[in-house]
Amino acid sequence: MLFKQQVWLRQKLLVLGSLAVGSLLYLVARVGSLDRLQPICPIEGRFGARGQAEFPLRALQFKRGLLHEFRKGNASKDQVRLHDLVQQLPKAIIIGVRKGGTRALLEMLNLHPAVVKASQEIHFFDNDENYAKGIEWYRKKMPFSYPQQITIEKSPAYFITEEVPERIYKMNSSIKLLIIVREPTTRAISDYTQVLEGKERKNKTYYKFEKLAIDPNTCEVNTKYKAVRTSIYTKHLERWLKYFPIEQFHIVDGDRLITEPLPELQLVEKFLNLPPRISQYNLYFNATRGFYCLRFNIIFNKCLAGSKGRIHPEVDPSVITKLRKFFHPFNQKFYQITGRTLNWP
């Protein structure tokens, strides 16, 4: 009996040992393939002179856990100095648009090991009280990063707030600006849906979308309704162009980011002068959630919060048609200014 137990135990140990060795070989092969693809990548462009510094991006990837601890506040000043960490002002900002997919874009860009995201919306440039606290207050709101990385923050209200372009220009006139947009009518309905959900949580009633979007007196589109005004992208962009050239903006197709995220992310990598690093391996479709989730490595995956991808209420088709007809000339001008034509009706 004892002999049989010893034999059984040896077999178990052999199986476990084989599994461990197999897993180790897989990891070695995986890391080796990553090294062959991108052994050392310079971070080029406006963020630093070409060839100024080379940094192994895989090293940045493996230090993500350390940065996470610093973000949680679990770091001393000595540790910060030891690891050469800094809190940098953002070199790129996602300025909008609300309900265009700003959170999804930020989280997906964070897949890149040379990118560090500000987790919360800072609302520095659109909030007078915060802005009065000064640029150092803003810097201290940024995450810890390595000097070779770039920090990105997002606050969708920036795009539509009148004072913001000048304020950002005074901080950094060469900053790169990302605008993610969706089909204007869909975006307006999504905007309404979020507000409606908030009202329902508080057991409050709210008007139907049709009543807000259409002026009952004129039966025309109600441009006083904020969800409609926000979707007139060209009006807001023109205000930004008084301070920044169009070359400093990149338009992200928020509708395509939902269905085909990788091509959109590759365009952003190019715009930010980042070495291509995000691949299909990092993105997988979650059939239960109905959209793409993120794979940082073989251990850590992440999906967006459950509040993303809300089901929109049914809207009168005639109202949708009227809104799309209203937005059409503004969309055409937006295409002309930005040089990017989107597949909007």
Legend entry - Test log, rule salt bridge (Lys or Arg N to Asp or Glu O under 4.0 Å), inputs D316 and K211: CA-CA 11 Å; D316 186 332; K211 191 169 183 179; over 6 Å; no
Inset, instruction - Identify the heavy atoms of L304 and A104 that sit nearest to each other, and give their distance. - result: CD1-CB, 3.5 Å
Inset, instruction - Mark yes or no for whether E210, through its side chain, and V319, through its backbone, hold a donor-acceptor pair below 3.5 Å. - result: no
Inset, instruction - Report yes if some heavy atom in the side chain of P184 is under 4.5 Å from a heavy atom in the side chain of W344; otherwise report no. - result: yes
Legend entry - Heavy-atom pair of closest approach, residues R277 and P113: CG-CD, 3.3 Å
Inset, instruction - Given ring pair (Phe, Tyr, Trp, His ring centres under 6.0 Å), test Y206 with Y192 step by step and report yes or no. - result: CA-CA 10 Å; Y206 196 48; Y192 166 84; 5.5 Å; yes
Inset, instruction - Please step through side chain to side chain contact (heavy atoms under 4.5 Å, CB included) for the pair R239 and E162, ending with a clear verdict. - result: CA-CA 8 Å; R239 183 171 59 251; E162 189 172 342; 3.9 Å; yes
Legend entry - Y233 (side chain) donor-acceptor with R182 (main chain) under 3.5 angstrom: yes
Legend entry - NZ or CZ of R98 within 45° of F159 ring axis and under 6.0 Å: no
Legend entry - Minimum side-chain heavy-atom gap K199-T205 below 4.5 Å: no
Legend entry - From SG (C293) to CZ (F285), nearest 0.5 Å: 9.0 Å
Legend entry - Worked check of side chain to side chain contact (heavy atoms under 4.5 Å, CB included) between N130 and I122: CA-CA 9 Å; N130 286 343; I122 311 298; 5.9 Å; no
Legend entry - Q336, CD: over 12 other non-hydrogen atoms inside 6.0 angstrom: no
Inset, instruction - Answer yes or no: are there more than 12 heavy-atom neighbours, outside Q280 itself, under 6.0 Å from its atom CD? - result: yes
Inset, instruction - Kindly give the heavy-atom pair with the smallest separation between M171 and P90, and that separation in Å. - result: CE-O, 4.4 Å
Legend entry - Straight-line distance of K141 NZ to S119 OG, nearest 0.5 Å: 12.5 Å
Legend entry - Distance-only donor-acceptor check, side chains K154 and T102, under 3.5 Å: yes
Legend entry - Rounded distance (nearest 0.5 Å) linking atom NZ of K322 with atom OG1 of T185: 12.5 Å
Legend entry - Approximate separation, where rounding is to 0.5 Å, of L111 CG and N297 CG: 10.5 Å
Legend entry - Between H328 and N331, a side-chain donor and acceptor under 3.5 Å: no
Legend entry - D84 side-chain N/O to P147 backbone N/O, donor-acceptor pair under 3.5 Å: no
Inset, instruction - State the CG-CD1 distance between L177 and I246, to the nearest 0.5 angstrom. - result: 10.0 Å
Inset, instruction - May I ask whether F327 and F334 are part of the same hydrophobic cluster, defined by side-chain heavy atoms of I, L, V, M, F, W, Y residues being less than 4.5 angstrom apart, directly or through others? - result: no
Inset, instruction - List the steps, then state whether side chain to side chain contact (heavy atoms under 4.5 Å, CB included) holds for E197 with T193. - result: CA-CA 6 Å; E197 185 180 278; T193 303; 5.7 Å; no
Inset, instruction - Check whether V97 and V164 end up in the same hydrophobic cluster, where Ile, Leu, Val, Met, Phe, Trp and Tyr are linked by side-chain heavy atoms less than 4.5 Å apart. - result: yes
Inset, instruction - State whether F330 and K235 meet the cation-pi test: NZ (Lys) or CZ (Arg) under 6.0 Å from the six-membered ring centroid, and within 45° of the perpendicular axis. - result: no
Inset, instruction - Please examine the side chains of I95 and I179, heavy atoms only from C-beta on, and report whether any two atoms are closer than 4.5 Å. - result: yes
Inset, instruction - Measure the acute angle between the ring planes of F249 and W240, then classify it against the limits of 30° and 60° as parallel, tilted or perpendicular. - result: perpendicular
Inset, instruction - Treating Ile, Leu, Val, Met, Phe, Trp and Tyr as nodes and any side-chain heavy-atom pair under 4.5 angstrom as an edge, say whether L294 and Y284 lie in one connected cluster. - result: no
Legend entry - Atom OH of Y207 with >12 non-hydrogen neighbours under 6.0 angstrom: no
Legend entry - Hydrophobic cluster identity match, L105 and L283, side-chain contacts under 4.5 Å: yes
Inset, instruction - For atom CD of E163, decide whether the heavy atoms of other residues, nucleotides or ligands shown that lie under 6.0 angstrom number more than 12. - result: yes
Inset, instruction - Can you establish whether the number of heavy atoms outside K170 located under 6.0 Å from its atom NZ is more than 12? - result: no
Legend entry - F209 and P313, any side-chain heavy atoms less than 4.5 Å apart: no
Legend entry - Exercise: identify the closest heavy-atom pair between K91 and I175: O-CG1, 3.5 Å
Inset, instruction - Could you check if a side-chain atom of V228 sits within less than 4.5 angstrom of a side-chain atom of N222, using non-hydrogen atoms only? - result: no
Inset, instruction - Measure across N282 and F296 and return the closest heavy-atom pair with its distance rounded to 0.1 Å. - result: ND2-O, 4.3 Å
Legend entry - Minimal non-hydrogen separation, M142 against Q88, with atom names: CG-O, 3.2 Å
Legend entry - 4.5 Å side-chain heavy-atom contact, I152 and L272: yes
Legend entry - Polar side chain donor-acceptor pair, T151 to E153, under 3.5 angstrom: no
Inset, instruction - Report the relative orientation of the aromatic rings in Y169 and Y243; use parallel for angles under 30°, tilted for 30 to 60°, perpendicular for over 60°. - result: tilted
Inset, instruction - Kindly indicate whether the side chain of H250, heavy atoms from C-beta on, has any atom under 4.5 Å from the side chain of L267. - result: yes
Inset, instruction - Verify the cluster assignment for I258 and V252: are they in a single hydrophobic cluster under the rule of side-chain heavy atoms below 4.5 Å apart? - result: no
Legend entry - Donor-acceptor contact present, side-chain K176 to main-chain F271, <3.5 Å: yes
Legend entry - S173 side, atom OG; F244 side, atom CZ - distance, nearest 0.5 Å: 7.5 Å
Legend entry - Cationic N near anionic O, under 4.0 Å, E136 to K140: no
Legend entry - Contact check, side chains of I232 and F326, non-hydrogen atoms, under 4.5 Å: yes
Inset, instruction - Would you please indicate if the ring centroids of F124 and Y131 are separated by under 6.0 Å? - result: yes
Legend entry - E264/R340 salt bridge by N-O under 4.0 Å criterion: yes
Inset, instruction - Using the side chain to side chain contact (heavy atoms under 4.5 Å, CB included) rule, take T230 and R187 through it: C-alpha gap first, then chi angles, then the decisive distance, then the call. - result: CA-CA 9 Å; T230 300; R187 194 222 64 83; 3.4 Å; yes
